[in-house]
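Written below as structure tokens is the structure these notes are about.
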Amino acid sequence: MSTKTNRINVFIPILLSFFVMGMVDIVGVSTNFVRDDFNLGTFAASALPMMVFLWFAVFSIPAGLLMNRYGQKNTVVLSIGISIVALTIPSIYYTFPSMLFAFILLGISNTILQVAINPLASNIVSDDKLAGMLTFGQFTKAIASFLGPILASFAASYYGDWKLALLTYAFISAGTGIYLYFTPIEEKIRHRETSGFGDIIRLLNDRNTLLLFLGILVLVGIDVSMNTFTPQLLIEKLGMETDKAGLSSSLYFGSRIAGSFLGSFLLLRIAPARFLKINMLVAILGVLLLLFTQTNSMIYLGIVIIGFCCANVFSILFTFALQLKQDKQNEISSLMIMGVAGGAIIPPIIGFVTQKTDITFGFSLLLILVLYLLAISFKFAPKNIQ
């Protein structure tokens, strides 16, 4: 009984840390409120998600070095501490520059957290159960992503201040950090030669690795763009108010939760490449609904389809990458995490196109990105892998 209780006591703060990881997705709905509050153009507002996801390209490798020196748990606690500061700043001093700074800190903390939390989780489960643990962690992360827009819209509608959602997440983060800090976790000691930045970048000389890295970059770009620009699509196409349109982000993340849950079972029976192909073909339909329909129900259906079909793409691409070079899985993992920087690259491009044309034309770029992921599904069909 005591051993089981101890495992639960360790499991809970780690699971809550995955929840903290998902808080970063509140940047999407935040962008829409900040754009309205400071009368920003779409391109300028898109700098907010860029400030978050840019740091995955910069800090993923330094975060690994930090973890080697100070330990996995301490690194996770540090990242949560930085998140608390980032989420508190807007309630203390609310300007556009302060928001940029807050989301820079949020991006840095989330990068460190994503690098450290998975190795930390490996200390509390056996190797054969690690995949299940991490999958459940991602499910928990998706719940935080789902709740963010709901909290922001609720705070804006009933209290007149959407930033209370950030403050709520800051308090949850504080409780998680304290809980984890005082929870003893015995870390497995592993001595590995640490690869440098150049060593990891040179892995991109392999064509298949490059394709998958770009796939991760494209996928995260789609994810952040849907989170950021879908409310604007509803505002411009249907004339919705910002607080109500912001709920579309929760609809998107809710469909991702459902997709990841169902996909965890379907992938046991369907080959990953085939599963990816089916999902991207259906996702094309979702994008077309966003582009060419003018009713609430059809646009909502398009949002659900895209979220549902993109839910398992990251794990599929990550699996393909790890299977390419099994003797360099640590380096490949770092490289794929760097691909999350796509959230800093693609939304500003869509924001710039939207500002110069309109939101529909901006969303048409998503169709090109989905077609790229579809092409990967053909490339990595078993008979085509070289």
Side-chain angles (χ1 to χ4, degrees), residues 18 21-22 25 56 114 118 130-142 145 203-204 206-226 252-253 255-287 304-326 328-343 346 366-386:
F18 277 101
M21 187 194 302
D25 289 316
F56 282 90
Q114 291 214 32
N118 292 334
L130 178 59
M133 170 68 186
L134 299 184
T135 299
F136 197 68
Q138 290 298 315
F139 177 77
T140 307
K141 173 182 178 290
S145 301
L203 292 172
L204 293 176
D206 177 77
R207 182 184 178 188
N208 288 333
T209 302
L210 177 61
L211 288 174
L212 292 171
F213 172 79
L214 293 176
I216 295 289
L217 189 145
V218 163
L219 173 67
V220 178
I222 292 173
D223 205 33
V224 177
S225 296
M226 286 294 297
Y252 175 72
F253 284 114
S255 62
R256 282 181 59 88
I257 292 174
S260 61
F261 181 77
L262 182 60
S264 64
F265 295 101
L266 292 178
L267 281 168
L268 296 176
R269 298 178 175 272
I270 304 175
R274 184 186 177 195
F275 190 73
L276 176 61
K277 186 186 305 179
I278 294 171
N279 276 271
M280 291 304 98
L281 286 171
V282 178
I284 291 173
L285 172 62
V287 176
V304 169
I305 288 174
I306 296 172
F308 191 87
C309 292
C310 290
N312 300 283
V313 176
F314 185 90
S315 61
I316 292 173
L317 298 181
F318 211 92
T319 299
F320 287 159
L322 292 178
Q323 290 174 345
L324 285 176
K325 297 180 182 295
Q326 296 191 12
K328 292 185 177 295
Q329 289 192 352
N330 291 340
E331 291 82 355
I332 289 290
S333 296
S334 298
L335 188 62
M336 294 301 117
I337 290 175
M338 287 176 63
V340 177
I346 292 175
L366 292 182
L367 184 60
I368 299 174
L369 302 180
V370 171
L371 288 172
Y372 177 81
L373 294 176
L374 178 62
I376 288 181
S377 72
F378 284 95
K379 171 63 179 176
F380 284 87
K383 64 180 180 179
N384 293 330
I385 298 178
Q386 301 176 352

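Only a predicted model underlies this, so the values are computations on that prediction, with no experimental measurement involved.
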Kindly compute the distance separating [atom1] ([X]) from [atom2] ([Y]), expressed to the nearest 0.5 Å.
X    : Y    : atom1 : atom2 : value
M280 : L369 : CE    : CG    : 11.0 Å
K379 : R207 : NZ    : CZ    : 5.0 Å
K277 : I270 : NZ    : CD1   : 12.0 Å
I316 : F275 : CD1   : CZ    : 6.0 Å
L219 : L212 : CG    : CG    : 12.0 Å
L211 : I216 : CG    : CD1   : 12.5 Å

Where is the tightest heavy-atom contact between [X] and [Y], given as atom of each residue plus distance?
X    : Y    : answer
V370 : A283 : CG1-CB, 4.0 Å
L204 : L210 : O-CB, 3.6 Å
G307 : S255 : CA-OG, 3.3 Å
S260 : N312 : CA-OD1, 3.5 Å
G215 : I376 : CA-CD1, 3.8 Å
A273 : S377 : O-CB, 3.6 Å

[X] versus [Y]: any side-chain heavy-atom pair under 4.5 Å?
X    : Y    : answer
L276 : L317 : yes
F320 : N208 : no
T209 : L324 : yes
M336 : F213 : yes

Using the test ring-ring contact (aromatic ring centres under 6.0 Å, His included), find all partners of F261 that sit at least two apart in sequence or belong to another chain.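 Residues passing ring-ring contact (aromatic ring centres under 6.0 Å, His included) with F261: F265.
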Only one of L214, L217, I222 passes side-chain contact (heavy atoms from CB on, under 4.5 Å) with Y372; say which it is.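 One option only clears the test, and that one is L214.
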